[in-house]
Amino acid sequence: MAEIKIVKATTLKEKPDVSKIGFGTHFTDHMFVMDYDKENGWHDARIVPHDKISIDPANATLHYGQAIFEGMKAYRQGNKAVIFRATDHLNRLNHSAKILDIPEIPFDVAHEGLLKLIDLDKDWIPTEKGQSLYIRPFVFATDEVLGVSVSKKYKFMIILSPVAAYYAHGFAPVKILVEDKYVRAVRGGLGAAKTPANYAASLHAGLVAHDIGFDQVLWLDGVDRKYIEEVGSMNILFKINGEIVSPSPQIQNSILDGITRRTVNQIAKSWGMNVVERRISIDEIIASQEDGRLEEVFGSGTAAVISPVGVLRYKDIDYTVGNGKIGEFAQKMYDYIEGLHIGEVKDTFGFIEVAGEY
Ligand code: COI
């Protein structure tokens, strides 16, 4: 195993006021870095003070976007600093790497670097309920050339940010606009990768939706423009007639295989519920809303955890889901997952990894 060099910050930053944490605006004292080139492969794994990096204006990522990222979270459990589903997130990073032709990250080095980084900055893990330390691993091309080609050099970094709820209004129903004009991704494209391009593709539609009072858009598939995909910052799930239904990343191949969505499905199965992954058309959702079978709609994601949906607008009609209130299932699932995060619910799934002790 490659040695991970550690250079500690000589002065530590002041921690933000817990009431003003927001999402992703404060960064901890250290970061993990590793470089790749053809001659040396992935090398020079190190933890150094969090600082600006210098890149050439010809940096390939700035021009052609060959980059991938992940999002996971660390929590305090008594005297332990723990990470939720770290292995799954690092594996998904490598899945995205494959799609973008980025050389596979050596799992063991990334994993050890992550645990060491969290241990070093564990005092940054917030203690407030609903807050956590967001972990952002990312990889980007570092070739300095304007020809369009797969880069020969990359940087892998992990930065950390103490965060509160993703939506400023916290755990409360959101208003979602079903998008029938713009598309996020198409089958055969990059939709299954966690890559900046998918987020760039979502910005304009998000802005338009915001301007008319919606929190997010719900993407439909880019080919038939009728199958439910995802929300972009989270996956989407439905409770229809007692069954938990969500779009299948495998069938659709243009949505992110959400790790929180998998968590929800695993937990729901352990509660004895029927869990189904399949194609779901927007017409089916509207029909099930109209005949009363649609009980709940909610999003799932690392940043958002569980986000109940109160209103869905499709083709200018607003559908109020479950009286616009937080659904019973979404509330129970949110409490259970938050309980797993902070150790109040016993982890029988093997989701929790200990990174350090206080
Ligand atoms: C996450 O849930 O970690 C995300 O990546 C969503 C968003 C903040 C980009």
Side-chain angles (χ1 to χ4, degrees), residues 21-28 65 67-75 83-97 99-100 110 114 118 125-126 130-140 156-171 174 176 184-185 190-207 209-210 215-219 229-237 246-247 249 254-265 298-309 330 333-334 337-338 340-341 351:
I21 277 191
F23 190 91
T25 52
H26 302 276
F27 299 96
T28 67
I68 51 173
F69 70 96
E70 265 306 316
M72 58 184 127
K73 281 178 172 171
Y75 299 86
I83 312 177
F84 194 72
R85 304 198 73 160
T87 296
D88 297 303
H89 282 281
L90 291 175
N91 285 336
R92 192 175 63 181
L93 184 69
N94 267 334
H95 177 66
S96 298
I99 299 174
L100 271 290
L114 171 64
I118 295 296
I125 302 178
Q131 299 191 351
S132 57
L133 187 66
Y134 187 74
I135 303 168
R136 173 50 64 88
F138 58 108
V139 187
F140 63 100
F156 169 44
M157 303 181 68
I158 307 175
I159 56 172
L160 308 174
S161 172
V163 296
Y166 185 65
Y167 296 109
H169 41 62
F171 181 67
V174 290
I176 299 281
R184 168 188 174 271
L190 298 176
K194 206 158 174 66
T195 184
N198 291 327
Y199 297 82
S202 75
L203 295 176
H204 179 69
L207 196 65
H210 243 260
D215 297 287
Q216 298 272 315
V217 304
L218 172 59
W219 299 104
E229 297 247 302
E230 57 159 270
V231 172
S233 55
M234 54 188 191
N235 288 127
I236 193 97
L237 297 99
S246 58
S254 51
I255 63 177
L256 192 72
D257 186 359
I259 290 168
T260 309
R261 193 189 63 93
R262 284 188 225 158
T263 301
V264 169
N265 284 345
F298 57 97
S300 69
T302 296
V305 188
I306 297 294
S307 179
V309 174
M333 185 56 75
Y334 174 78
I337 295 177
E338 283 291 76
L340 282 171
H341 289 158
F351 292 156

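First listed ligand is number 1; within each ligand, the first listed atom is number 1.
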Q) Are the side chain of Ser307 and the backbone N or O of Gly299 linked by a donor-acceptor pair below 3.5 Å? A) no
Q) Between Thr260 (side chain) and Thr302 (backbone), is there a donor-acceptor pair under 3.5 Å? A) yes
Q) Which residue from Tyr199, Tyr134, Tyr166 reaches closest to atom 1 (C) of ligand 1 through any of its heavy atoms? A) Tyr134
**Q.** Closest protein heavy atom (residue, atom, distance) for atom 2 (O) of ligand 1
**A.** Ala303 N, 2.8 Å
Q) Which of the atoms in ligand 1, numbered in the order shown and given with their element, are less than 4.0 Å from a heavy-atom of Ser233? A) 6 (C)
Q) Under a 4.0 Å N-O cut-off, is there an ion pair linking Arg92 with Glu70? A) yes
Q. What is the closest protein heavy atom to atom 5 (O) of ligand 1, and at what distance does it sit?
A. Lys194 NZ, 2.6 Å
Q) Between Glu230 and Arg184, does at least one N-O distance fall below 4.0 Å, as a salt bridge requires? A) yes
